[in-house]
Structures are given as structure tokens and as C-alpha cells.
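As the structure lists them, so they are numbered: ligands from 1, and atoms in each ligand from 1.
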Amino acid sequence: MSLRLDWGKLGFKYMPTKCHIRSTWRGGRWSRPELSKKDELTLSIAATCLHYGQACFEGLKAFKDKDGRIRIFRPGENLKRMNSTADFLHCPRIPEDLYFDALMKVVRENADYVPPYGTGGSLYIRPLLIGSGPTIGVSPSEEYTLLILVIPVGPYYKGGMKGVKSVILDGHDRTAPMGTGHVKVAGNYAAGLHPSIKAKKMGFPIVLYLDSKTRKYIDEFGTSNFIAVDRKGAYVTPDSSTILPSITNKSLITIAKDMGVKVERRPVRLAELSKFVEVGACGTAVVITPVETIKYNDREWHFPNSDKGLLKSLHDRLVGIQFGEVEDKFGWLMDCPVKKRP
Ligand SMILES: Cc1ncc(COP(=O)(O)O)c(C=O)c1O
């Protein structure tokens with residue numbers, strides 16, 4: 001089958017694909033993952049994910065290389081993070097064999113939805129783990145649903161990286177000092193919706209959050225880690241217990257070190273913004289979004305080099321590995337063999 005999708009026009013939007021995959025946990029056991037063509041879920045009206053936010057999720061991608069091979073980027077890292085989120089929300093852990101089996105099956109079944117090499121697109125994979133059993137008192141569910149859905153997404157940068165403006169808002173914190181910032185719980189994103197809409201109305205596509213205890217240190221952006229390059233050319237990124245450990249950031253750090261770049265993962269003071277020559281927001285969706293300005297009340301910092309220089313080189317090298325144009329010397333890609341149709 002050849003799909004009639006306008007690969008060049010894909011954004012980052014939901015669309016139904018051929019199927020998703022689903023497994024249910026009951027009485028301490030996971031069911032065999034099953035593919036489902038229906039993109040709907042039947043759920044108890046008293047499910048804990050609806051009332052008490054027992055919901056964990058992940059985001060990763062599969063890429064097609066020039067030979068048409070499909071490969072998934074660092075899926076084991078997402079499983080580790082999903083299970084640390086599951087521990088935090090008192091959900092059952094996802095066993096490794098079940099996860100990889102389900103992941104491979106759903107990607108393979110949706111192979112036609114993986115954008116062809118050269119379009120810059122990829123298959124976005126969203127694992128979701130929710131408390132699906134009915135519980136009206138506040139307590140963990142006795143039933144859980146794991147599902148993995150996939151959607152084709154377009155390249156963020158069709159003609160070169162584009163810088164964005166960011167803002168720090170007084171009156172909004174992302175997470176509490178000993179709260180949920182280090183795990184990927186759905187509630188973190190609900191709490192970020194209002195500040196994000198407010199920032200967009202002010203002309204700032206992304207919000208930068210400070211640490212919520214002292215508001216003196218940089219934490220991260222709403223959906224991505226903060227990375228910067230200082231005047232000496234070092235890669236600087238915050239060390240904080242309230243940010244999500246980004247797999248993209250981890251990968252960029254490995255590449256930077258491999259290129260001989262000094263890497264500093266440490267608490268980063270807000271006052272240090274004046275020392276940075278490049279700033280970026282990194283995550284699975286875009287790899288790196290260059291940040292051209294950061295505004296905080298009446299102060300504004302400018303980073304005219306964010307879309308060139310080191311961040312651009314790191315972006316290009318990581319994207320090169322993902323699309324199979326640069327050697328995968330760290331062994332990050334997992335093959336997802338698809339049987340050729342007769
Ligand atoms: C709050 C937050 N920080 C950072 C990231 C980037 O993480 P990753 O590189 O694993 O996509 C994400 C996206 O998942 C995120 O939601």
C-alpha cells in the first residue's frame with residue numbers, strides 16, 4: 001500500500017493511523033498486547049486516570065533511512081523513564097519484553113506511516129500508562145492500561161533552524177521542589193497549559209521556568225530541557241531534581257563530549273544568562289529549538305548565535321545519526337525489521 005499523505009505538510013498533530021497496541025494489567029499480570037484498529041478506549045467513569053491523574057506517558061521516534069530501514073531511537077531509555085514515572089504514581093512497571101514486543105509490533109504494523117527518507121519526517125511514538133479501573137476514594141487503581149499509539153510527524157525545520165522568543169513568568173512554577181518535575185506525569189502538562197497560553201498571547205512560544213524554591217536558578221522550558229553555550233564554548237545545562245531527564249539532552253551531551261566540547265551539568269543561575277552566547281530548548285520533538293531571546297519582566301537577554309555555532313552542529317549530528325546519514329557509533333538505533341510484501 002502506498003499512503004496518500006502529503007509528507008511535506010505534516011505538522012505535529014494527531015491523526016488516526018492503522019492501529020495502536022494495548023495491554024491490560026489486572027491481578028498482578030499483564031495481558032498479551034493486542035493491536036486495535038479503533039482509536040477509542042472504553043473506560044470506567046470512575047477510572048483513576050480521569051479523577052486523580054494516574055497517567056504516565058512517553059515520547060520517542062522511529063526514522064526511515066535511505067535504504068527504507070525503520071529504526072527506533074533509544075527506546076530502552078524511554079522504558080526506564082516510563083518505569084520511574086510508574087513507580088512515582090504507584091502504577092505497575094512495564095516489563096522489558098512486553099514493551100519491546102508491543103513497540104516493534106505497532107511500529108511494524110504502521111510501517112507505511114513512517115515518513116519516507118528525505119522528507120525529514122518521522123513516526124512519533126506515544127506510550128501511555130493509565131489507571132483504568134474504578135476507584136472513587138483516593139487510592140491506586142486495581143487495573144491499568146498500557147497503550148502505544150503512533151503518528152507520522154513532519155520536520156520542524158524545513159529551511160534551517162528558526163529561533164524563538166521565550167519568557168519567564170512570575171506567578172507560575174512548573175512543579176514543586178519535591179514534587180513531580182523529574183517524572184513524566186500527565187498532570188505536569190495540565191499545570192503548564194495556562195502559563196503556555198498566556199505566554200503565547202504575549203508573543204512568546206515557549207515558557208522558561210525557574211526553580212520553584214528560590215527562583216534564582218534555571219530549571220527548564222515547559223516541554224524541553226534548557227541548554228546553553230558559554231563564551232568559552234562549553235555546553236551548559238542545569239542539574240536540578242525538578243526537571244525531566246531528557247534523552248535528547250543526554251544524547252547531545254555524549255556527542256558534545258565526543259567532539260571534545262566541555263560539558264557542565266550543574267545548577268545554572270538566572271544571572272548567568274548574560275554569559276551565554278547560544279541558548280536552546282532540547283527534546284524529542286525538535287531535537288533543538290534555538291532560543292533568540294529570553295524576557296523576564298523588564299529584563300531581556302539576546303542570543304543571536306543560537307541558530308548557528310555549536311547547537312546547530314550538535315543538532316545536525318544527532319539528526320544525521322537518526323536518519324542513518326552519520327555513523328551510529330553509540331548504538332542508539334534499534335532496528336525494526338518489516339517483512340516485505342510479496
Ligand atoms: C518537561 C520536559 N522536559 C524535557 C523534555 C525532553 O525530553 P526528551 O528529550 O526525552 O524528549 C520533555 C519531552 O519529553 C518534556 O516534556
Give me the pairs of N or O atoms, one from ligand 1 and one from the protein, that sit under 3.5 Å apart.
| residue | atom | partner | partner atom | Å |
| --- | --- | --- | --- | --- |
| ligand 1 | 3 (N) | Glu220 | OE1 | 2.6 |
| ligand 1 | 9 (O) | Ser246 | OG | 2.6 |
| ligand 1 | 9 (O) | Ile247 | N | 3.3 |
| ligand 1 | 9 (O) | Thr248 | N | 2.9 |
| ligand 1 | 9 (O) | Thr248 | OG1 | 2.6 |
| ligand 1 | 10 (O) | Arg81 | NH1 | 2.7 |
| ligand 1 | 10 (O) | Arg81 | NH2 | 3.1 |
| ligand 1 | 10 (O) | Ile247 | N | 2.9 |
| ligand 1 | 11 (O) | Thr284 | N | 2.9 |
| ligand 1 | 11 (O) | Thr284 | OG1 | 2.6 |
| ligand 1 | 14 (O) | Lys184 | NZ | 2.8 |
| ligand 1 | 16 (O) | Lys184 | NZ | 3.2 |
| ligand 1 | 16 (O) | Tyr189 | OH | 2.5 |

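Under the salt bridge (Lys or Arg N to Asp or Glu O under 4.0 Å) criterion, the residue pairs touching residues 173-193 are Asp173-Arg215, Arg174-Glu220, with sequence neighbours excluded.
Using cut-offs of 30° and 60° on the angle between ring planes, the pair Phe276 and Phe226 is tilted.
Alongside Met178, the hydrophobic cluster contains no other residue (criterion: ILVMFWY side chains under 4.5 Å).
With sequence neighbours excluded, the residues forming a ring pair (Phe, Tyr, Trp, His ring centres under 6.0 Å) with His194 are His172, listed by chain and number.
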inquiry  = As a quick check of understanding, evaluate salt bridge (Lys or Arg N to Asp or Glu O under 4.0 Å) for Asp258 and Lys329, giving each step before the final call.
reply    = CA-CA 10 Å; Asp258 188 57; Lys329 67 190 263 193; 3.1 Å; yes

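Environment of CD1 in Ile45: sparse, with no more than 12 heavy atoms of neighbouring residues, nucleotides or ligands closer than 6.0 Å.
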